[in-house]
Amino acid sequence: MNTEENWVSVAVCGAHMSGLPLNPQLVSLGGKFVKATKTGPYYKLFKLNGFTPERPGLLRVGQGGKAIDLEVWQLPIENYGKFVAGVPIPLGFGTLLLADGQQVQGFLCESYATLDAEDISDLGSWRMFLNNK
């Protein structure tokens, strides 16, 4: 039975988005695309160093934030832990605030990793960064 309580909304803003290299991880765990949307204007997006494939880091900030494009997926609750357990540092999971006020689980980045990373927030999305390389 597909009731809402059997699913977790998961926001992805980088390599796990549709058509990108890590999206098969979501799909293999039963993930279903819900919508493309944006965060509220509270975040910065960074191109992190040392990842293959390349990945961004999303950081919530007190000021100077932007709305960042992302996708919301539904993941079966029984597979959510498997997905989160595979997330490498400095990335982690937390609650993101979307532009429409909805709160969903999603990728966040520890602030130390952004100190030597490229701030790509003004582009507004990981896809825009990839398209402009």
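The basis for the numbers below is simple: all heavy atoms, side chains too, and nothing from hydrogens, waters or symmetry mates. Start at 1 with the first residue, then count along the sequence. This is a predicted model, so every value here is computed, not measured.
The structure places NZ of Lys38 at 8.0 Å from CD1 of Ile68, a figure rounded to the nearest 0.5 Å. The line from CG of Leu130 to CE of Met17 is 9.5 Å long, rounded to the nearest 0.5 Å. We find the CG-CD distance between Leu123 and Glu118 to be 8.0 Å, quoted to the nearest 0.5 Å. Atom-to-atom distance recorded for Asp119:CG and Lys44:NZ is 4.5 Å, nearest 0.5 angstrom. For the atom pair CD (Glu78) and CH2 (Trp7), the distance works out to 7.5 Å, reported to the nearest 0.5 Å. To the nearest 0.5 Å, atom NZ of residue Lys35 and atom CD of residue Gln102 are 4.5 Å apart.
Put simply, the side chain of Asn132 does not reach to within 4.5 Å of the side chain of Ile120, judged on heavy atoms. Annotation: side chain of Leu91 is in contact with side chain of Arg55 (closest heavy-atom distance under 4.5 Å). Using a 4.5 Å cut-off on side-chain heavy atoms (C-beta onward), Phe46 and Asp116 make no contact. The side-chain heavy atoms of Leu29 and Lys82, taken from C-beta on, include a pair separated by under 4.5 Å. Between Thr95 and Gln105, the closest side-chain pair of non-hydrogen atoms falls below 4.5 Å. Counting only heavy atoms from C-beta outward, the side chains of Asn23 and Val12 never approach each other to under 4.5 Å. Residues Phe51 and Pro88 are in side-chain contact: their nearest non-hydrogen atoms beyond the backbone lie under 4.5 Å apart.
Thr39 approaches Lys66 most closely through the heavy-atom pair OG1-O, 3.6 Å. Here the closest non-hydrogen pair linking Ser111 and Thr114 is O-OG1, 2.7 Å. Closest non-hydrogen pair, Ser125 versus Leu45, comes out as C-CD2, 3.8 Å. Between Phe93 and Phe83, the shortest heavy-atom distance links the atoms CZ-CE2, 3.5 Å. Minimum heavy-atom separation, Leu48 to Gly57: CG-N, 3.6 Å. In this structure, Leu96 and Gly106 approach most closely via the heavy-atom pair CD1-CA, 3.8 Å.
Aromatic ring orientation, Phe107 versus His16: parallel (interplanar angle below 30°, classes split at 30° and 60°).
No path of Ile, Leu, Val, Met, Phe, Trp and Tyr side chains, each step under 4.5 Å between heavy atoms, connects Leu75 with Leu22, placing them in separate hydrophobic clusters.
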Run the numbers on Tyr43 and Leu97 for side-chain contact (heavy atoms from CB on, under 4.5 Å), then give the verdict. CA-CA 9 Å; Tyr43 298 90; Leu97 186 59; 4.0 Å; yes
Run Val10 and Val84 through side-chain contact (heavy atoms from CB on, under 4.5 Å) and show every step you take. CA-CA 10 Å; Val10 175; Val84 173; over 6 Å; no
Could you go through the side-chain contact (heavy atoms from CB on, under 4.5 Å) check for Leu26 and Phe33 one step at a time? CA-CA 9 Å; Leu26 271 175; Phe33 177 81; over 6 Å; no
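A donor-acceptor pair shorter than 3.5 Å can be found between the side chains of Gln74 and Ser9.
Residue Leu115 qualifies as enclosed at atom CG: its count of foreign heavy atoms under 6.0 Å is above 12.
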